[in-house]
Number of protein chains: 2
Amino acid sequence: MTLFARHGYAAVSMRQIEGEVGVQAGALYNYTTDKQSLLFDLFKRHMVDLRTALDAQPPSASPQDRLEAFARFHIRFHLERPQAVFISYMELRNLTPENFRVIEELRRRYEGVLEAILETGRDAGAFHVADTRVTALAIIAMLTGINTCYRSGVRLSLAEVEAIYWDMVRKAVT
Amino acid sequence: MTLFARHGYAAVSMRQIEGEVGVQAGALYNYTTDKQSLLFDLFKRHMVDLRTALDAQPPSASPQDRLEAFARFHIRFHLERPQAVFISYMELRNLTPENFRVIEELRRRYEGVLEAILETGRDAGAFHVADTRVTALAIIAMLTGINTCYRSGVRLSLAEVEAIYWDMVRKAVT
DNA sequence: GTCTATAGATTGATAGAC
DNA sequence: GTCTATCAATCTATAGAC
């Protein structure tokens, strides 16, 4: 994961991986069928963990509370896993077509959760959104971009950044 | 550009590029010193074009108008160049360290324009932003994510999507 | 289950004829 | 300025000894 995040899937050789995990050339194939499945397994685990952790959140009653819970959850989950997040956004095109479809479906289901929250809130008159799908994608793009904050040297605490981002999301849909 | 955007810099061979532009192996080196400079030139041109186009925008008086002009400009510029944008976000780590520094500096200067708009607006009491740097990064992340809208099959017109995104930005900083 | 050795293909880049 | 030929290195993956 570290090597893929740092240099990119295509630029990392099996020999580099072997050196990193402490076996010599060839022995790695006792643990994986090929290089592609190393990438796919990282993707799959990340997406499954994401959904599992989301479903484990305590339920909220109002659309506002559900949106806040989703936003704060998304921010924290992504800030805790910068490498896995990076790979999951950058290496999609290095998945084989069938593996890509699997991951894309998992991603759409996750986005669908936010979309459903926005729909419920809009129908209840709590949110003002022109298009729930577009708005959901915009919110997720903004929240996921939070990882670039720390890469670009912002010196705020996690709680402070979380508060800023949630505040922007709240206002953007009101 | 098409090949790098589709498969990624590291996964594209010089022979693929040669085939695409219609010369045979070897002749390409009459036009470029090496593969790295092909990538760097794409980056540099994109960043220079971005800044040139921004500076060519008609000036606006109020912070609100300046923010709207910036947001709409950013959206349109990025929607018109999905491939160059994709490369400029995905292939940063495939630049050599010295090339990376050049591009990173250009990027920071562009982000600085939005930051300055937010500062002016905040000092004038027009915007409510807790941290101009974090807010600028969040806005740019959201706006740049607009390209995923069309990849994910949203069937709205450019003007409609632009209106939705600008509306979210406007509310988020108010 | 790890090692060495290697197959077979491909890589970026260069040389030299034309 | 394009071509063919090729170098030297590297790639993923496998074979077989231990």
Side-chain angles (χ1 to χ4, degrees), chain A residues 1-48 83-104, chain B residues 1-48 83-104:
Chain A
M1 181 167 72
T2 303
L3 287 172
F4 285 167
R6 189 173 307 161
H7 306 108
Y9 172 77
V12 172
S13 73
M14 292 299 272
R15 283 179 178 78
Q16 282 177 271
I17 299 172
E18 284 154 346
E20 199 73 21
V21 301
V23 296
Q24 301 238 8
L28 201 61
Y29 287 87
N30 287 318
Y31 298 93
T32 183
T33 59
D34 54 14
K35 191 185 173 187
Q36 169 70 204
S37 77
L38 287 179
L39 182 63
F40 179 63
D41 289 348
L42 284 175
F43 262 98
K44 185 111 184 253
R45 174 174 303 187
H46 179 66
M47 296 309 293
V48 169
Q83 290 183 330
V85 169
F86 203 60
I87 292 171
S88 294
Y89 275 81
M90 306 294 247
E91 302 295 351
L92 272 167
R93 63 191 158 180
N94 283 314
L95 290 171
T96 60
E98 60 264 42
N99 285 346
F100 177 80
R101 274 191 293 274
V102 173
I103 301 302
E104 197 64 2
Chain B
M1 181 167 72
T2 303
L3 287 173
F4 285 167
R6 190 173 307 161
H7 305 108
Y9 173 77
V12 173
S13 73
M14 292 300 272
R15 283 175 179 78
Q16 282 177 270
I17 299 172
E18 285 155 346
E20 198 73 21
V21 301
V23 296
Q24 300 239 7
L28 200 61
Y29 286 87
N30 288 319
Y31 299 93
T32 183
T33 59
D34 54 14
K35 190 184 174 188
Q36 168 70 204
S37 77
L38 287 179
L39 181 64
F40 179 62
D41 289 347
L42 284 175
F43 262 98
K44 184 109 182 259
R45 173 173 304 186
H46 179 67
M47 296 308 294
V48 169
Q83 290 184 329
V85 169
F86 204 58
I87 292 171
S88 293
Y89 275 82
M90 306 294 248
E91 302 295 351
L92 272 168
R93 64 191 157 180
N94 283 315
L95 290 171
T96 60
E98 60 263 43
N99 286 346
F100 177 80
R101 275 191 293 274
V102 174
I103 301 302
E104 196 65 0

Q.
dT2(C), OP1 or OP2 - any side-chain N/O from Y31(A) closer than 4.0 Å?
A. yes
Sorted by chain and number, sequence neighbours left out, side chain to side chain contact (heavy atoms under 4.5 Å, CB included) with E20(A) holds for L3(A)
Applying side chain to side chain contact (heavy atoms under 4.5 Å, CB included) to Q24(B) and not counting sequence neighbours gives none
Here the distance between atom C1' of dC11(D) and atom CD1 of I17(A), to the nearest Å, is 12 Å
Here the distance between atom C1' of dC3(D) and atom CD of Q24(B), to the nearest Å, is 7 Å
Sorted by chain and residue number, the salt bridge (charged side-chain N to carboxylate O under 4.0 Å, His left out) partners of E104(A) (sequence neighbours excluded) come out as R107(A)
Contacts satisfying salt bridge (Lys or Arg N to Asp or Glu O under 4.0 Å) that involve residues 87-97 of chain A (not counting sequence neighbours) are E91(A)-R93(B), R93(A)-E91(B)
When rounded to whole Å, the CG to P distance for the pair L28(A) and dT2(C) reads 10 Å
Reading nucleotides 10-15 of chain C from 5' to 3' and marking B where a protein heavy atom lies under 4.0 Å of the base, S where only the sugar-phosphate is that close, and - otherwise, the string is -BBBB-
Sequence neighbours excluded, the answer for side chain to side chain contact (heavy atoms under 4.5 Å, CB included) partners of Q36(A) is Y9(A), D34(A), L95(A), T96(A), N99(A)
Run the numbers on V102(A) and F40(A) for side-chain contact (heavy atoms from CB on, under 4.5 Å), then give the verdict. CA-CA 10 Å; V102(A) 173; F40(A) 179 63; 4.0 Å; yes
